[in-house]
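Read the numbers this way: they start at 1 and go in the same order the structure lists the ligands and their atoms.
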Amino acid sequence: MASTPATAFLHNHHQPPPPPPSHHHLHNLRPSTTTINCTSTTTTTTTNNNRHSTSSPPPFTAKYVPFNSVTDESYSLDEIVYRSSSGGLLDVQHDIDALRHFDGKYWRSLFDSRVGRTAWPYGSGVWSKKEFVLPEIDDDDIVSCFEGNSNLFWAERFGKRNLAGMNDLWVKHCGISHTGSFKDLGMTVLVSQVNRLRKMNKPVVGIGCASTGDTSAALSAYSAAAGIPSIVFLPANKISLEQLVQPIANGAFVLSLDTDFDGCMKLIREITNELPIYLANSLNSLRLEGQKTAAIEILQQFDWEVPDWVIIPGGNLGNIYAFYKGFKMCVDLGLVDRIPRLVCAQSANANPLYLHYRSGWTNFAPVKASATFASAIQIGDPVSIDRAVYALRNSDGIVEEATEEELMDAMSAADSTGMFVCPHTGVALVALMKLRERGVIGRTDRTVVVSTAHGLKFTQAKIDYHSKAIEGMESRFSNSPVEVAAEYGAVMDVLQKFLTKVSQAQ
Ligand SMILES: Cc1ncc(COP(=O)(O)O)c(C=O)c1O
Ligand SMILES: N[C@@H](CCOP(=O)(O)O)C(=O)O
């Protein structure tokens, strides 16, 4: 493996020069396949002997274009722009012809060669796919916490017990991550690009977002790592304490606003148009470039076999499109030959996409989202509605919804098989159960449920469930602590009863 130890510390300039321990140096090594540098024009060979081009590849590039529209309009990624000239969404478009200079086998081997390594920045699950993400950024400008590479967990017991023997069920734990949600995947890309823009003296004083708790946590952590001020707009009393403490601890400027997420989103859009604050919500298509790597990672974890179904909880609806985009790019570049069917799962209390789907995609109307235990998806007017509809229509997709009782039961049932998932994952599990019951998803279909946040962010919801404190909810999987006197006899008594009960059940 080629390394540049003498200059290695330069590649992680947010940290002090490295002390002697070798792991710090390792963390900053250049990649082993430096020959596929994003701007390389030299003859290319690889260390793994896959198909390689003997002619010079053109540089890999990407730009903003209007989303799903045929036009000449485009913008450099170094411009500060969130909307097309007609006010529509933007998309990051890669030079696919340049990437096609290499075949699918080449890209698969390259990405596989980077997994689990410490070479800066390719050890990150996002930056291991740098050429598909932000090909032109300098490695020194990247702000990464080595996000991604999350566990794709075989949910064997949940499948057997709760889905009548479904045996090829997987949970992609995107929430087991630096700040506890999938938002890290997109935020590393956005904050890295802002870091670059600031070095170019572009007018960015801080980065801002509206949030239901996870975007704000990721934004404040990555901004703090880069030394960039962050500003977060939170709907007062609508996010969990664990989520609230994250931006506070990371030193963000936190505004608690007497409105809901949709109200915060409207305000941040207006304010980022006026002040030198860069918008970090997924309206900004840069975020989706990072989030799409979760889809590529799933393919990689299945040795580049394509699952039949991927089920994703949806709120502001950027992520469902990010997954579509990741899968589609792998088809376009020959890494795989098809995409999975996508399912978007919503809380019945915040279900504008579900209603739109049920209307046959005829008329979209925002809703007033009401309180839900899946609080991070309490969103009634999703900014990425057009992206979501596009993703679902092009993947033969389905939208499902889950009631409060359904989602809490599903979350708790999953926890009782050894997971510790968030309520949003509960929403996705309900969608799976409904589609299995209707026979849409088959018993042997390979299915991935995307778990979007860490369960530890939602402890109050779990405590309320297990203590049967939720009005009108049976809490059928509750498991509350037994209060018992600290005496040998009392403890023996309850334990004997417990052991009798469990042996009868076995
Ligand atoms: C935990 C969690 N799950 C799911 C979502 C939905 O993602 P998206 O807004 O991209 O649809 C969000 C945020 O909205 C979230 O924070
Ligand atoms: N759940 C999100 C809502 C905002 O979504 P975004 O992807 O558009 O930033 C959050 O955690 O804030």
| field | Over 12 non-hydrogen atoms of neighbours within 6.0 angstrom of CH2 in Trp154 | value |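 Counting neighbours around CH2 of Trp154, 12 or fewer heavy atoms of other residues, nucleotides or ligands fall under 6.0 Å, so no.
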
| message | Checking a contact table here: which protein heavy atom is nearest atom 9 (O) of ligand 2, and how many Å away? | response |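 The closest heavy atom on the protein side is Thr215 OG1, 2.7 Å.
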
| request: Looking only at protein heavy atoms, identify the closest one to atom 6 (P) of ligand 2 and say how far it is in Å. | output: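 So the nearest neighbour among protein heavy atoms is Ser282 OG, 3.4 Å.
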
Between ligand 2 and [X], can you find any atom pair, the residue atom being a heavy atom, that is separated by under 4.0 Å?
| X | value |
| --- | --- |
| Lys183 | yes |
| Arg287 | yes |
| Ser216 | no |
| Cys209 | no |

| said: For Tyr75 and Tyr82, I'd like to know if the aromatic rings sit close, meaning centre-to-centre distance below 6.0 Å. | reply: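 Not close enough - the centres of the two rings lie 6.0 Å or further apart.
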
| request: Would you confirm whether the ring centroid of Phe158 sits within less than 6.0 angstrom of the ring centroid of Trp170? | output: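 When the ring centroids of Trp170 and Phe158 are compared, they turn out to be at least 6.0 Å apart.
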
| Residue list, ring pair (Phe, Tyr, Trp, His ring centres under 6.0 Å) with Tyr64, at least two apart or on another chain |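 Once residues adjacent in sequence are excluded, Tyr64 has no partner under the ring pair (Phe, Tyr, Trp, His ring centres under 6.0 Å) criterion.
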
| task | Apply the test ring-ring contact (aromatic ring centres under 6.0 Å, His included) to residues Phe373 and Tyr465: give CA-CA distance (whole Å), side-chain angles for both, the deciding distance (0.1 Å), then the verdict. | result | CA-CA 10 Å; Phe373 283 106; Tyr465 181 91; 8.6 Å; no

| Test: Lys457 and Asp214 ion pair at under 4.0 Å |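 Asp214 and Lys457: salt-bridged.
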
| message | Using a 4.0 Å cutoff against the non-hydrogen atoms of Phe261, which atoms of ligand 2 qualify? | response |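 In order of number, 3 (C), 4 (C).
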
| message | Counting only nitrogen or oxygen atoms and a 3.5 angstrom limit, does Gln291 reach ligand 2? | response |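 Between Gln291 and ligand 2, no N or O pair is found under 3.5 Å apart.
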
| said: Would Val383 count as being in polar contact with ligand 2, using the rule that some N or O on each side must be under 3.5 angstrom apart? | reply: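 N/O-N/O distance below 3.5 Å does not exist for this pair.
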
| message | Hydrogens and angles aside, do Ser416 and Arg161 bring a side-chain donor and acceptor to less than 3.5 Å of each other? | response |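 There is such a pair between these side chains.
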
| Can you find a side-chain donor-acceptor pair between Gln193 and Asp141 that sits under 3.5 Å? |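 Side-chain D/A pair, Gln193 to Asp141: absent.
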
| field | Among Lys183, Glu147, His178, the one residue meeting side chain to side chain donor-acceptor pair (under 3.5 Å) with Tyr222 | value |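 Considering Lys183, Glu147, His178, a side chain to side chain donor-acceptor pair (under 3.5 Å) with Tyr222 is found only for Glu147.
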
| Is a side-chain donor or acceptor of Trp107 paired with a backbone partner of Leu99 at a separation under 3.5 angstrom? |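 Answer holds: yes.
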
| field | Ile379, portion touching ligand 2 at heavy-atom distance under 4.0 Å | value |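 Side chain only; the backbone of Ile379 stays clear of ligand 2.
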
| task | Would you tell me which option among Thr452, Ile377, Thr212 has the nearest heavy-atom contact to atom 10 (C) of ligand 2? | result |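 Of the listed residues, Thr212 has the closest heavy atom.
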
| Under a 4.0 Å heavy-atom cut-off, which residues neighbour ligand 1? |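 Its neighbours under 4.0 Å (heavy atoms only) are Phe182, Lys183, Asp214, Pro313, Gly314, Gly315, Asn316, Leu317, Gly318, Asn319, Ala376, Ile377, His424, Thr452, Ala453, given by chain and number.
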
